[in-house]
Amino acid sequence: MTVRVRFAPSPTGSLHIGSVRTTLYNYFFARRHGGTLVLRIEDTDQDRLVPGAIDSIYDGLHWLGLRWDEGPREGGPHAPYVQSERLPRYQQAARELVEGGAAYFCFCSKERLAALRAQQAAAKQITRYDRHCRTIPPAEAADRALREPHVVRLKVPDGGTIGVDDLVYGRVEWPIETIEDQVLLKSDGFPTYHLAVVVDDHVMGITHVFRGEDWLPSTPKHLLIYRAFGWEVPPLAHFPNVLGPDGRKLAKRHGATKVEQFRTDGYLPEAMVNYLSLIGWAPGTEEEVFSAEELVAKWRIEQVQKAGGKWDRDRLDWFDGVWIRRLSIDELLRRLDPLVPAEWDRALLRRALPFAQERAKTLVELRDQLAFLFGDVAYATDLLVPKGHDGAATADALGRSARALRGLARFAHDEIEPALRRTSDELGWKMRDSSHPVRVAVTGRHAGPPLFDALELLGRERTLERIDRARALLNGGGTR
RNA sequence: GGCCCGGUCGCCUAGCGGUCUAGGGCGCUUCCCUUUCAAGGAAGAGGUCAUGGGUUCGAAUCCCAUCCGGGCUACCA
């Protein structure tokens, strides 16, 4: 049997980190088994639609390097892949269930339902539908359904238990009495999630249903629906949630949770894929830096964790640094390009890149470290003064450095270094102290790329200008 | 409230009855390297494996209970 798996986001906002992790696992599984990957858009809740969400899903997934075989824009043998365009199928399915006696029309108003719930809650009872409409004779119900607003509910059997052998969680069972007569078709003619997934997974020939842990509690509803149709239940697996620092499901209030955000923050898709894969899965060996290709080869569902995993930004940062260092300079330049102002000279940027590559955790950091080459720098005057020295001495040191630099035959690393070392000796300062003010004057920061290379890249003229300006600052703002 | 799931260093995790005086990575500390910061190298702190009972010659690993945390409980997904 050929593997067919799907990922099924709802277009209710831009792509969330948690659904990316689930998507990744589906992707690894499909690729490893030479199977087919389906993208299905689950937009059965018309109230929660967010315009542009499908674009965002496509952008995010493409950016991460994921490819799939069937979907809304790719087409495929089971098109359409957007649930709102498949309404007749769900309606037909619901009708079959009603005709077969496995489901029934319900005419209860939302008000009655709300009142019922309130009453049950007040009496500390389980809040669930009281099956009020279940006793309406089918012929009468069918007749009323022609002109009254209604939903279709599943006839849930009375006793016993129902269970699955989840590929991650193992055997899980539920008492059937805890499950209410689930709404399958809403009064607006749209299916609920429960009906739509079951119908689509079956009709689209999905062989393995992999989804987030949140769905585990609704699984018995789905099992009952499969049973009502007389369909076989595919193997199911639920993946543990990605958690925020407080242990609750990762959400907006925890900070950035959208892939899009990480893209603009300068993270590499390689790092996102690598890091995300490791929340809830571990290879059992001690390596942990993996490309998507390696993950396809290594990922095993048996190794998926049951416990939720916390999102750890520091760890992501570390992975991002690792991946930044792995890129060639040309590739790095290519990745950086969209984050860098058009005016920045790409040739100079390329020359500078090797000096920043080892020092950045994100592309944005990389860009910021090199910004001094492309525009003016700003810093607090105090920053110029090294520990243990004062402003006047610093101004003097800067002056001597400038003089040494001015006299160089060639303004290049191999000449700059000895010149500045000589100045340092002359001053009787430690090299770290004498180079500090030059570094700040030129780059605006106390930390960054190696100084001699930084100066060479900036060029003599601008270097001297900036040193002069720093001296002026130290001497009280005037220019001497 | 009900149903379900989970619980190994701050975080991600290895571990599947003896090889565990519990291993690795992130983060943290210290040192080396060094023009800064990183990167790299070395060392270190940090876990009574939630707790309490069993089972067993032997338990992080099996069973039970408790506690704590989470998810779900909609004509949301």
Side-chain angles (χ1 to χ4, degrees), chain A residues 8-12 42-45 47-48 106 108 110 113-114 117 120-121 124-129 149-153 166 168-169 172-175 177-180 182-188 190-194 196-197 212-220 238 240-241 243 245-249 275 278-289 303 305-319 321-322 325 355-361 365 369 386 417 420-421 424 430-436 438-440 443 445-454:
Chain A
S10 289
T12 53
E42 312 215 317
D43 60 345
T44 55
D45 185 357
D47 296 333
R48 295 210 311 160
C106 169
C108 293
K110 289 187 181 171
L113 261 17
R117 227 182 333 262
Q120 289 173 151
K124 301 237 172 177
Q125 289 171 333
I126 300 171
T127 54
R128 54 129 108 88
Y129 181 57
H150 61 275
V151 301
V152 173
R153 286 182 185 271
D166 188 277
V168 170
Y169 287 92
V172 185
E173 294 186 335
W174 297 264
E177 60 181 1
T178 61
I179 302 156
E180 72 173 346
Q182 192 58 38
V183 172
L184 300 177
L185 202 67
K186 307 187 233 181
S187 55
D188 64 359
F190 277 69
T192 57
Y193 170 83
H194 309 297
V197 248
E213 184 190 350
D214 324 27
W215 291 113
L216 192 53
S218 3
T219 299
H238 292 86
N241 281 150
L243 276 17
D246 59 357
R248 305 187 59 188
K249 213 165 58 162
Y275 171 61
L278 259 14
I279 305 180
W281 171 82
T285 61
E286 284 174 1
E287 325 142 75
E288 50 190 355
V289 177
Q303 296 170 320
Q305 204 81 6
K306 294 187 185 72
K310 284 182 186 161
W311 171 260
D312 179 356
R313 185 68 173 250
D314 283 339
R315 198 160 143 79
L316 201 221
D317 283 349
W318 180 75
F319 275 107
V322 168
R325 275 172 256 129
F355 304 110
Q357 183 173 210
E358 290 200 337
R359 273 159 259 266
K361 292 197 294 275
E365 270 185 29
Q369 274 181 34
E417 171 163 7
L420 289 182
R421 287 194 187 281
S424 175
K430 285 182 182 162
M431 186 61 191
R432 57 181 305 141
D433 289 339
S434 65
S435 64
H436 175 93
V438 179
R439 178 188 307 284
V440 173
T443 69
R445 301 168 162 232
H446 66 84
L451 185 59
F452 314 130
D453 301 296

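Residue numbers start from 1 in every chain, and the chains themselves are labelled A, B, ... in the order their sequence lines are given, proteins ahead of strands.
Whole-Å rounding puts the Glu358(A) CD to rU36(B) C1' distance at 14 Å. If you measure from atom CZ of Arg325(A) to atom P of rC37(B), you get 17 Å, rounded to the nearest angstrom. Taking atom CD of Gln303(A) as the reference point, atom C1' of rC12(B) lies 15 Å away to the nearest angstrom. Nucleotide rU36(B) holds its P atom 15 Å from the CD atom of Gln369(A), rounded to whole Å. Distance Arg439(A) CZ to rU35(B) P: 11 Å, rounded to the nearest Å. Atom NZ of Lys306(A) and atom P of rU8(B) are 13 Å apart (whole Å). To the nearest angstrom, P of rC12(B) lies 6 Å from NZ of Lys310(A). Summarising the geometry, the separation between CG on Leu451(A) and C1' on rA38(B) is reported as 15 Å, rounded to the nearest angstrom.
Here rG40(B) sits opposite rC32(B) as a Watson-Crick or G-U wobble pair (both hydrogen-bonding atom distances under 3.5 Å). Across every strand in view, rA22(B) sits unpaired, with no contact that passes the Watson-Crick or G-U test at under 3.5 angstrom. When Watson-Crick and G-U wobble pairs are counted only if both distances are under 3.5 Å, rC3(B) pairs with rG71(B). Of all nucleotides present, none satisfies the Watson-Crick or G-U wobble test against rG27(B) with each distance under 3.5 Å. Partner assigned to rA50(B) is rU66(B), using Watson-Crick or G-U wobble distances below 3.5 angstrom.
Here the separation of rU61(B) from rG6(B), taken at their P atoms, is 15 Å to the nearest Å. When the P atom is used for both rG10(B) and rU19(B), the distance is 24 Å, rounded to whole Å. Taking atom C1' on both rG23(B) and rG15(B), the two are 8 Å apart, rounded to the nearest angstrom. Comparing the same atom, C1', in rG70(B) and in rC26(B) gives a spacing of 24 Å after rounding to whole Å. rG7(B) and rU56(B) have their C1' atoms separated by 24 Å, given to the nearest Å. For the C1' atom pair drawn from rC33(B) and rG25(B), the interatomic distance equals 23 Å after rounding to whole Å. The C1' atoms of rA45(B) and rG27(B) are separated by 13 Å, rounded to the nearest whole Å. If you take atom C1' in rA60(B) and the same atom in rU55(B), they sit 16 Å apart, rounded to whole Å.
Using a 4.0 Å heavy-atom distance criterion, Glu173(A) is classed as a sugar-phosphate-only contact. Residue contacts shown for Gly280(A) are limited to sugar-phosphate atoms, with no base heavy atom under 4.0 Å away. Among the protein residues, Pro283(A) comes within range of no part of the nucleic acid, since none of its heavy atoms lies under 4.0 Å from any strand. Using a 4.0 Å heavy-atom cutoff across all strands shown, Phe452(A) reaches at least one base atom of the nucleic acid.
Proximity of Gln305(A) to the phosphate of rA14(B): a side-chain N or O atom is located under 4.0 Å from OP1 or OP2.
The side-chain contact (heavy atoms from CB on, under 4.5 Å) check on Ser435(A) picks up Met431(A), Leu451(A), with sequence neighbours excluded. The side chain to side chain donor-acceptor pair (under 3.5 Å) search around Glu42(A) returns Arg40(A), Gln83(A), not counting sequence neighbours. Qualifying side chain to side chain donor-acceptor pair (under 3.5 Å) partners for Ser218(A), counting only residues two or more places apart in sequence or in other chains: none. Residues that satisfy the side chain to side chain donor-acceptor pair (under 3.5 Å) test with Gln125(A), not counting sequence neighbours, are absent from this structure. Evaluation of the side-chain contact (heavy atoms from CB on, under 4.5 Å) rule for Lys110(A) yields no partner, not counting sequence neighbours. For Glu358(A), the salt bridge (charged side-chain N to carboxylate O under 4.0 Å, His left out) test picks out no residue, with sequence neighbours left out. By the side chain to side chain donor-acceptor pair (under 3.5 Å) test, His436(A) is found to be paired with no residue, residues two or more places apart in sequence or in another chain being considered. Checked against side-chain contact (heavy atoms from CB on, under 4.5 Å), Asp433(A) has the following partners two or more places apart in sequence or in another chain: Pro386(A), His389(A), Trp429(A), Lys430(A). By the side-chain contact (heavy atoms from CB on, under 4.5 Å) test, Pro245(A) pairs with His254(A), sequence neighbours left out.
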Tabulate atom names and distances for all N/O pairs under 3.5 angstrom spanning the protein and nucleotides 30-33 of chain B.
none

Give me the distances for all protein-to-nucleotides 21-27 of chain B N/O pairs that come in under 3.5 Å?
from, atom 1, to, atom 2, distance (Å)
rG23(B), O2', Glu286(A), OE2, 3.1
rG24(B), O4', Glu286(A), OE2, 3.2
rG25(B), O4', Glu288(A), OE2, 2.9
rG25(B), O2', Glu288(A), OE2, 2.1

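Checked against rG7(B), rA38(B), rC5(B), the side chain of Ala307(A) finds its nearest nucleotide in rG7(B). Nearest to the side-chain atoms of Arg359(A) among the listed nucleotides rU35(B), rA38(B), rC3(B) stands rA38(B).
In terms of heavy atoms, Pro11(A) sits closest to Asp43(A) at CG-CB, 3.6 Å. Nearest approach of Glu365(A) to Lys361(A), heavy atoms of both residues: OE1-N, 3.0 Å. The two residues Trp174(A) and Leu216(A) have their closest heavy-atom pair at CZ2-O, 3.3 Å.
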Original post:
When you check every protein heavy atom under 4.0 Å of nucleotides 68-77 of chain B, what one-letter string (B, S, -) results, 5' to 3'?
Top reply: --SBS-SBBB
**OP:** Show your working on side chain to side chain contact (heavy atoms under 4.5 Å, CB included) between Arg248(A) and Leu243(A) and close with a plain yes or no.
**Re:** CA-CA 5 Å; Arg248(A) 305 187 59 188; Leu243(A) 276 17; over 6 Å; no
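Residue order along RNA chain B, read from the 5' end via each residue's closest nucleotide, puts Pro240(A) first among Pro240(A) and Arg421(A). When each of Leu216(A) and His446(A) is assigned the nucleotide of RNA chain B bearing its nearest heavy atom, the one mapping closer to the 5' terminus is Leu216(A).
Aromatic ring orientation, Tyr275(A) versus Phe319(A): tilted (interplanar angle from 30° to 60°).
Not a single donor-acceptor contact under 3.5 angstrom links the side-chain atoms of Arg432(A) to the base of rU34(B).
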